[in-house]
J.: 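What follows is a structure written as structure tokens; I'll ask about it next.
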Amino acid sequence: MNSNFLFSSESVTEGHPDKICDQISDALLDALLEKDINSRVAIETLTTTGLIVVAGEVTTHAHVDVQKVVRSVVKKIGYDKPEYGFNSDDCSVLVSLHEQSPDISQGVSEGSGLFEEQGAGDQGIMFGYATNETPTLMPLPIYLAHKLTFNLAKLRKSGEVKWLRPDGKAQVTVEYEDGKPKRVHTVVVSTQHDPEVSYDEIKSTLIEKLIKPVCGDWLDDETIFYINPTGKFVIGGPPGDTGVTGRKIIVDTYGGVGSHGGGAFSGKDPSKVDRSASYMARYIAKNLVASGLCDKCEVQLAYAIGVAEPVSIFVNSFSTGKISDEKLVELVKKVFKLKPKEIIEELDLLRPIYLKTAAYGHFGREEPEFTWEKINKVEELKKQADVDFDVHL
């Protein structure tokens with residue numbers, strides 16, 4: 001691969017229609033897990049003008065007021081004014097939930113089906129990634145893009161910028177030289193706003209109060225800014241664009257760096273390896289990089305529905321490894337437990353922690369709920385690898 005290149009990643013705010021749906025799905029998951037940790041959940045949400053549809057499969061002993069949960073999420077996001085064209089008090093909420101298929105359940109439930117152990121909730125491939133180019137071991141473009149959207153929402157919610165509305169997006173293009181980030185080449189920010197504010201005020205405010213504080217020294221005199229490139233963004237949220245759960249899987253992960261197995265996260269309980277094994281793959285990759293065994297790496301895990309052990313494990317260190325990729329795979333097998341039940345226990349996933357993951361990325365978050373971000377396997381990895389080296393992060 002060319003070592004000099006431009007790479008771009010995007011993020012969206014919590015008021016983006018797709019993210020509204022992700023948050024609703026995960027808020028319902030949290031509400032169910034809070035009352036019954038054995039809940040099996042696969043909830044999808046759709047939203048458009050004046051309407052939210054909740055559908056999917058749920059097997060649980062818990063009773064949850066779905067309408068109340070949905071409306072509270074929408075209100076907390078900030079859709080609480082009629083002039084936005086969508087608000088928590090008067091949108092319609094339609095619900096269609098049924099039980100998980102018994103054919104799936106027998107392969108996932110411990111002690112049933114063909115195996116005695118809890119099997120994977122589906123077949124599939126999951127990827128994790130880490131790189132030492134940022135403090136959180138995330139790629140710089142998505143690291144900065146998430147910071148921009150998070151702080152955009154913060155400016156709105158704090159009241160510091162009163163004309164901001166909930167919907168918004170950011171995109172950051174980073175220039176790499178010799179494979180290392182050199183500078184921010186382009187920043188794109190599009191934000192929903194009140195109709196009376198001028199374009200000049202929007203542009204100057206976002207450059208001074210948002211972009212410069214977030215991107216800091218990565219900016220230079222040649223950095224390009226595109227602020228609301230269409231000139232106006234008054235109609236936003238569901239009236240401007242239909243939203244669906246699971247449609248921002250690249251935003252949720254690594255911003256297009258590395259591979260993606262295709263499975264979405266939100267609305268799925270951790271028996272679904274789409275979610276739990278992706279978290280474990282990130283946990284593995286982050287610990288490998290934090291240990292100094294490689295500068296960056298991608299980890300793939302693959303599962304068969306109803307089968308506990310992964311069918312394959314793959315590590316790619318992109319030629320940055322202190323030991324071979326084959327030896328890194330052997331290390332992973334020694335240090336990490338990869339059956340679905342073991343992943344759930346290691347990462348403590350049967351908790352109502354998922355709403356927070358549903359906006360601003362599932363990875364690179366230094367908060368206690370994000371257990372897959374811990375780097376507590378570093379010493380064991382170094383010991384098992386038996387390699388002398390210094391770690392520079």
J.: Are the side chains of D167 and T191 in contact, using a 4.5 Å heavy-atom criterion?
T.: no

J.: Is there a donor-acceptor pair closer than 3.5 Å between any side-chain N or O of R71 and the backbone N or O of C91?
T.: yes

J.: Are any of the side-chain nitrogens in E160 or K209 under 4.0 Å away from the carboxylate oxygens of its partner?
T.: yes

J.: Does Y226 have more than 12 heavy atoms from other residues, nucleotides or ligands lying within 6.0 Å of its OH?
T.: no

J.: Do the side chains of R275 and D26 get close enough for a salt bridge, i.e. N-O under 4.0 angstrom?
T.: yes

J.: Does CD belonging to E367 count more than 12 external heavy atoms closer than 6.0 Å?
T.: yes

J.: In terms of relative ring orientation, are Y84 and Y79 parallel, tilted or perpendicular, with 30° and 60° separating the classes?
T.: perpendicular

J.: Is it true that K75 and D80 have a side-chain N and a carboxylate O under 4.0 angstrom from each other?
T.: no

J.: With a cut-off of 6.0 Å (strictly less than), are more than 12 heavy atoms of other residues, nucleotides or ligands near NZ of K147?
T.: no

J.: With the threshold set at 4.0 Å, does a side-chain nitrogen-carboxylate oxygen contact exist between D194 and R165?
T.: yes

J.: So do the side chains of T173 and P141 get within less than 4.5 Å of each other, counting heavy atoms only?
T.: no

J.: Would you mind telling me which of V187, N151, L152, V184 makes a side-chain contact (heavy atoms from CB on, under 4.5 Å) with I211?
T.: V187

J.: Are F336 and Y283 near enough that their ring centres are under 6.0 Å apart?
T.: yes

J.: Contact between H260 and M126 at the side-chain level, heavy atoms closer than 4.5 Å - yes or no?
T.: no

J.: Answer yes or no: does atom CG of L219 have more than 12 heavy-atom neighbours from other residues, nucleotides or ligands under 6.0 Å?
T.: yes

J.: Check for me whether the distance between the ring centres of Y254 and F363 falls short of 6.0 Å.
T.: yes

J.: Less than 6.0 angstrom separating the ring centers of F265 and H362, yes or no?
T.: yes

J.: Distance alone, cut at 3.5 Å: any donor-acceptor contact between the side chains of S271 and D269?
T.: yes

J.: Under the criterion side-chain contact (heavy atoms from CB on, under 4.5 Å), which of V378, V299, L137 is the partner of K286?
T.: L137

J.: Does the pair K182/E177 count as a salt bridge with the N-to-O cut at 4.0 Å?
T.: yes

J.: Check this for me, if you would: do E309 and K339 make a salt bridge, where the nitrogen-to-carboxylate-oxygen distance has to be below 4.0 angstrom?
T.: yes

J.: Count the heavy atoms of every other residue, nucleotide or ligand shown that sit under 6.0 Å from NZ of K203, and state whether that count exceeds 12.
T.: no

J.: Whether K157 and E14 form a salt bridge (side-chain N of Lys/Arg under 4.0 Å from carboxylate O of Asp/Glu) is what I want to check.
T.: yes

J.: Heavy-atom count around F150 CZ within 6.0 Å, excluding the residue itself: above 12?
T.: no

J.: Does the pair D386/K383 count as a salt bridge with the N-to-O cut at 4.0 Å?
T.: no

J.: For D65, does the CG atom have more than 12 heavy-atom neighbours from other residues, nucleotides or ligands under 6.0 Å away?
T.: yes

